[in-house]
Amino acid sequence: MEMSLEKQLDIIKRGAVEILPMDELVKKLEKSIRNNKPLKVKLGLDPSAPDIHLGHTVVLQKLKQFQDLGHEIILIIGDFTGRIGDPTGKSTTRKQLTEEEINKNAETYKKQIFRILDPKRTEVVYNSHWLANFKFEDVIRLAAKTTVARILERDDFKKRYEDNQPIGIHEFFYPLMQGYDSVELKADIELGGTDQKFNLLMGRNLQKEYGQEGQIALMMPILEGLDGIMKMSKSLNNYIGVEDSPKEMFGKVMSIKDELIIRYFKLVTQLSNEEINIMEQEMTRGKNPRDYKIKLAKTIIGQYHNASDAIKAEEEFINIFSKNQMPENIDEIELMVDGDGNYWVPKLLQILGLVNSTSDGKRVFDQSGVKINGEKITEVNIKVENAMVIQVGKRKFAKIIIK
RNA sequence: GGGGAGAUUCCCGAGAGGCUAAAGGGGGCAGACUGUAAAUCUGUUGUCUACGACUUCGCAGGUUCGAAUCCUGCUCUCCCCA
């Protein structure tokens, strides 16, 4: 199981933005090989947003690699921090989660994470186990291990401070709590995105304060979302979830900007660097990026679903967007028809859930974005018929079932 | 404890008594085009029983024929001094 130092380093380094400090990682690995003792690799998870998306998988893939190298993987569910609520930015305090919600989220998390990691060899722990027992005295002792100036070095604190945005005192405790997790677990390595640098190093410092060997901080890049600018996140709605349907995944991948294709290949697939380089060269030589995007979509769907789903998704995509046909499976919506079955289209669209309001529906209609059975309509009042397919824009469909 | 500044629509940000459902940008949606739900261009972007009506500028009152704009109180945020 144990690979040579060189090989391990090769795998560990791949894709990582920064490893701090590198020489200590080498030492830890040497020791691990010598004593045949796996390293403890830690990753913290926030239980408030239980939908894992490709952005998270960048780090998870790395964790998987450690796992395959025979090291010990520990996932920390940050239920304690989640219970307190983290008011990031603005005045919108994040709602506090109940124990029940957290447990539910944690279960969802595990299910999704185990699409990547091996459940049998992954330890999952909750940080409330130790943090919930902290006395005020313990809190003070922990807080005394750092200074305000140091905390304000953290990027987002610094920005908010400079932009005159509010920062709650309790927010200062987040890095401390996360860092303490490392102390509790005696972690050897902690993974995170580059935005976690401060927190990871805080863990290292705290471990030393508590007389332990400091952990290694390994940072992976932050994946941009579908817009290509902001980081992928659920709240920005620019994400591809690992539980998205093949159809959704396909469409979403096709909507990324062409410039992002290679980066996605590198960060969220297991294709070799050689393969990726070849594609990059072919594109610069003028090959259609669309075809590589299709390959990317199929690769991703293959990872989270399977190859035949990927092919189906591709066919459907081509039918709808290239050939302008209707999809095979359209959501059927039951409609209680009163009287003669005549409807004002904006209202109908709203009832069917294709638009948010009748005003919205009117706008879409005015911009000739409504089709019935594939034909653009120009009449605002229509008579509904059973099995009629109403379409808004290119991708919203509903089949009416009259009750 | 004292003194200043501020809160505007999904977000950022103009507006300083009627011409304001509120400039501009971002985002969203639709259309055109296309090699893609890329890029580009155009339109649109409070709600409704829809050529009209109703509700929105932190919250609650008040002045006025008329308030996002003026007054009072409250809530929240930031800065400076101590």
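In what follows, chains carry the letters A, B, and so on, assigned in the order in which the sequence lines appear, proteins first and then strands, with residues in each chain numbered from 1. From a predicted model like this one, the values you see are computed outputs, not experimental measurements.
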| query | With no angle test and no hydrogens, is the base of B/U36 tied to the side chain of A/Asp291 by a donor-acceptor pair under 3.5 Å? | reply | no
| message | Rounded to whole Å, please give me the gap between CG in A/Leu354 and P in B/A30. | response | 11 Å
| Picking from B/U36, B/C29, B/C33, which would you name as closest to the side chain of A/Arg395? | B/C29
| Of all the choices, B/A50, B/A37, B/A38, which nucleotide is nearest to the side chain of A/Lys257 once you look at every atom? | B/A38
| request: Identify, between A/Glu259 and A/Trp344, the residue whose nearest nucleotide on RNA chain B lies closer to the 5' end. | output: A/Glu259
| message | When you measure only distances, ignoring hydrogens and angles, does the side chain of A/Gln367 come within 3.5 Å of the base of B/G31 through a donor and an acceptor? | response | no
| task | Could you check if a side-chain atom of A/Phe250 sits within less than 4.5 angstrom of a side-chain atom of A/Ile301, using non-hydrogen atoms only? | result | yes
| What's the base orientation of B/C54: syn (chi within 90° of 0) or anti? | anti
| request: Could I get the full list of salt bridge (Lys or Arg N to Asp or Glu O under 4.0 Å) partners for A/Lys362, not counting sequence neighbours? | output: A/Asp366
| query | Just wondering, do A/Tyr343 and A/Ile351 contact through their side chains at under 4.5 Å, heavy atoms? | reply | yes
| Rounded distance in Å between the P positions of B/G24 and B/C80 | 36 Å
| Side-chain donor-acceptor contact under 3.5 Å, A/Gln196 with A/Glu190 | no
| query | Does OP1 or OP2 of B/G46 have a side-chain N or O of A/Ser357 closer than 4.0 Å? | reply | no
| request: List in chain and number order the residues that pass side chain to side chain contact (heavy atoms under 4.5 Å, CB included) with A/Asp188, two or more places apart in sequence or in another chain; answer none if no residue qualifies. | output: A/Lys28, A/Leu39, A/Lys40
| field | Presence of donor-acceptor pair under 3.5 Å, side chain of A/Arg290 and base of B/A38 | value | no
| Between P of B/G31 and CD of A/Gln391, the distance in whole Å | 8 Å
| query | Does A/Lys293 place a side-chain N or O at less than 4.0 Å from the phosphate oxygens OP1/OP2 of B/A38? | reply | no
| note | Partner of B/A39 under the Watson-Crick or G-U wobble criteria, both distances under 3.5 Å, comes out as none
| Phosphate OP1/OP2 of B/C48 contacted by A/Ser359 side-chain N/O (<4.0 Å) | yes
| request: Taking the six-membered ring for Trp and the single ring otherwise, decide whether the centroids of A/Tyr292 and A/Phe265 are under 6.0 Å apart. | output: no
| If only side-chain N and O atoms of A/Lys252 are considered, is one of them under 4.0 Å from the OP1 or OP2 phosphate oxygen of B/A37? | no
| Out of B/U49, B/C29, B/A38, whichever nucleotide has its closest atom nearest the side chain of A/Val364 | B/C29
| said: Let's test this: given Watson-Crick or G-U wobble pairing with both distances under 3.5 Å, identify the partner of B/C65. | reply: B/G18
| query | Which sits closer to the 5' end of RNA chain B, A/Arg363 or A/Phe250, going by the nucleotide each is nearest to? | reply | A/Phe250
| query | If pairing requires Watson-Crick or G-U wobble contacts with both distances under 3.5 Å, which nucleotide is the partner of B/G1? | reply | B/C81
| With both distances under 3.5 angstrom, what nucleotide forms a Watson-Crick or G-U wobble pair with B/C10? | B/G26
| message | Is A/Thr358 close enough to B/C48 that one of its side-chain N or O atoms is under 4.0 Å from OP1 or OP2 there? | response | yes
